[in-house]
Undergrad: 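Below you'll find the structure I mean.
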Amino acid sequence: MNTPLTGTLKVPGATLHYEKRGSGPVLLMIPGGAADAGLYAGMAADLATRYTVVSYDPRGLSRSPLDGPLTDQRVNVWSDDARRLLDLLGPDEEASVLGSSSGAIVAVDLLARHPERLRRVVAHEPPLLELLDDPAPHRALFADVREVFRTEGAGAAMARFSVGLGDRPSARPTELPPEIREMAPRMHANLPVFLEHMLVPFSSTVPDVAALRPVARKLVPAAGRDSRSQVPLHGPVARLAELLGSPLVEFPGGHLGAVESPKEFAKQLLAVLD
């Protein structure tokens, strides 16, 4: 159950690496930030008892090379990639989707543009800054993180990001599953892509709320219980829930709840998918 079937899919401008586990309706898992398919490894086995769990490396990250030079990434291109994966692996059914962080931005765009392909979309803390009443300070933080990356490197940029978000060290040590430890070097290598070409363009995306309203019943706005004080992470999805008249569903852990508390996160995910 833990060993996935792997494959590749040629899409315009890139080749996507994907992993598939289990059987049943398709559940597509879109990673966020510099992460790849390995982000969800800690909960994949629990989900694969009920779903065909598909995770993948987004274009330009890890094992999904681009055909040409790396440029600023676009949310609509990434959501087209996700739709093509659904067309390949679940062509005749509505699929469920989980997106986390920047992956949740992609999931929201996928629902706005291709609602007929989707049964339910769980968007966990998409940092859609433009939904905030005052996005300017958070926009400035994200731009500053990118500038620190350009001048001082990825380590300094991530430290600036952590301080800007008000991160506190976790109270309990997390024993990372082997698959997450295996992903760590790939994730580190992906940081320049995320910091230079994803962070600012993705977070400045304006979601199509008018397109989402008629299909709001399919969207589950989700946030981590431990993220309530982190305005750029928790605030946008809370506002999206309000705009769509949907309840905000809390998940265990914080922004990285899928890694911090994979069993509990999977249990909550199964509950909302049902």
Side-chain angles (χ1 to χ4, degrees), residues 24-32 40 47 50-51 53-54 74-87 90-135 138 202-225 227-228 230-255 257-258 265-274:
V26 169
L27 169 57
L28 180 67
M29 318 269 276
I30 308 177
Y40 300 113
L47 300 171
R50 303 261 297 280
Y51 289 90
V53 178
V54 179
R74 289 166 45 204
V75 171
N76 65 321
V77 173
W78 281 40
S79 69
D80 282 343
D81 289 347
R83 181 187 56 79
R84 287 185 169 94
L85 277 168
L86 294 179
D87 290 346
D92 302 317
E93 60 177 288
E94 289 184 331
S96 296
V97 173
L98 166 69
S100 286
S101 191
S102 54
I105 294 176
V106 177
V108 168
D109 187 71
L110 181 65
L111 179 60
R113 296 169 64 225
H114 302 286
E116 73 289 347
R117 296 294 285 109
L118 304 168
R119 187 180 77 84
R120 186 142 299 164
V121 172
V122 180
H124 185 267
E125 298 194 1
L128 289 160
L129 300 181
E130 299 306 314
L131 291 177
L132 296 170
D133 288 337
D134 183 12
H138 310 291
F202 273 51
S203 62
S204 59
T205 300
V206 179
D208 189 345
V209 175
L212 291 168
R213 280 202 173 99
V215 292
R217 70 191 184 284
K218 296 187 175 192
L219 182 68
V220 179
R225 200 169 294 128
S227 305
R228 292 174 189 163
Q230 295 181 305
V231 174
L233 304 181
H234 192 281
V237 75
R239 177 63 178 146
L240 184 62
E242 193 180 297
L243 288 170
L244 298 177
S246 304
L248 179 67
V249 178
E250 282 203 327
F251 272 67
H255 194 59
F265 196 101
K267 184 179 177 184
Q268 175 70 319
L269 180 60
L270 287 171
V272 300
L273 291 177
D274 290 343

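No experiment lies behind these values; they were computed from the predicted model shown.
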Undergrad: For the residue pair F265 and F251, does the interplanar ring angle fall in the parallel (under 30°), tilted (30 to 60°) or perpendicular (over 60°) class?
TA: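 Geometry flag for F251 against F265: tilted rings.
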
Undergrad: Where is the tightest heavy-atom contact between H255 and S227, given as atom of each residue plus distance?
TA: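 Smallest heavy-atom distance, with atoms named: N-OG, 3.2 Å.
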
Undergrad: For E130 versus P135, what's the shortest heavy-atom pair and its separation?
TA: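 Reported closest heavy-atom pair: OE1-CG, 4.0 Å.
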
Undergrad: Do R50 and D274 pass the side chain to side chain contact (heavy atoms under 4.5 Å, CB included) test, and can you show the C-alpha distance, the side-chain angles, and the key distance before you say yes or no?
TA: CA-CA 11 Å; R50 303 261 297 280; D274 290 343; 2.7 Å; yes

Undergrad: Whether R113 and D80 form a salt bridge (side-chain N of Lys/Arg under 4.0 Å from carboxylate O of Asp/Glu) is what I want to check.
TA: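 Salt bridge present between D80 and R113.
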
Undergrad: With a cut-off of 3.5 Å and sequence neighbours excluded, list every side-chain donor-acceptor pair involving residues 231-247.
TA:
| unit_1 | atom_1 | unit_2 | atom_2 | d |
| --- | --- | --- | --- | --- |
| R239 | NH1 | E242 | OE2 | 2.5 |

Undergrad: Any donor-acceptor pair under 3.5 Å linking the side chain of R83 with the backbone of H114?
TA: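 It does not hold such a pair.
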
Undergrad: What's the shortest heavy-atom distance between R225 and P252, and which atoms?
TA: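 Reported closest heavy-atom pair: NH1-CA, 3.9 Å.
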
Undergrad: When you compare the side chain of N76 with that of D109, does any pair of heavy atoms fall below 4.5 Å?
TA: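 A side-chain contact exists here, since the closest heavy-atom pair is under 4.5 Å.
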
Undergrad: Under 3.5 Å, is there a donor-acceptor pair between the side chain of R120 and the main chain of V272?
TA: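 Yes, because the side chain of R120 sits within donor-acceptor range (under 3.5 Å) of the backbone of V272.
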
Undergrad: Go through the structure and list residues passing salt bridge (Lys or Arg N to Asp or Glu O under 4.0 Å) with R84, not counting sequence neighbours.
TA: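 With neighbours one apart ignored, the set is empty.
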
Undergrad: Less than 4.5 Å apart, side chain to side chain, heavy atoms only: is that true for W78 and L110?
TA: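 W78 does not reach L110 side chain to side chain.
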
Undergrad: Provide the closest heavy-atom pair for L111 versus L118 in the form atom of the first, atom of the second, distance.
TA: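 For L111 and L118, the tightest heavy-atom pair comes out as CA-CD1, 3.5 Å.
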
Undergrad: So, for I30 and A82, which heavy atoms are closest and what is the spacing to 0.1 Å?
TA: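 Closest approach of I30 to A82, heavy atoms only: CD1-CB, 4.3 Å.
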
Undergrad: For the residue pair A112 and P115, what are the closest heavy atoms and their distance?
TA: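 Minimum heavy-atom separation between A112 and P115: O-CD, 4.0 Å.
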
Undergrad: Side chain to side chain contact (heavy atoms under 4.5 Å, CB included) between L27 and L269: does it pass, once the steps are laid out?
TA: CA-CA 11 Å; L27 169 57; L269 180 60; 4.3 Å; yes

Undergrad: Under 3.5 Å, side-chain donor or acceptor atoms of residues 91-100 against the rest of the protein: list the pairs with distances, not counting sequence neighbours.
TA:
| unit_1 | atom_1 | unit_2 | atom_2 | d |
| --- | --- | --- | --- | --- |
| E93 | OE1 | V26 | N | 3.1 |
| E94 | OE2 | K218 | NZ | 3.4 |
| S100 | OG | Y40 | OH | 3.3 |

Undergrad: Quick check on R119: does its CZ atom have over 12 non-hydrogen neighbours (other residues, nucleotides or ligands) under 6.0 Å away?
TA: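 Counting neighbours around CZ of R119, more than 12 heavy atoms of other residues, nucleotides or ligands fall under 6.0 Å, so yes.
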
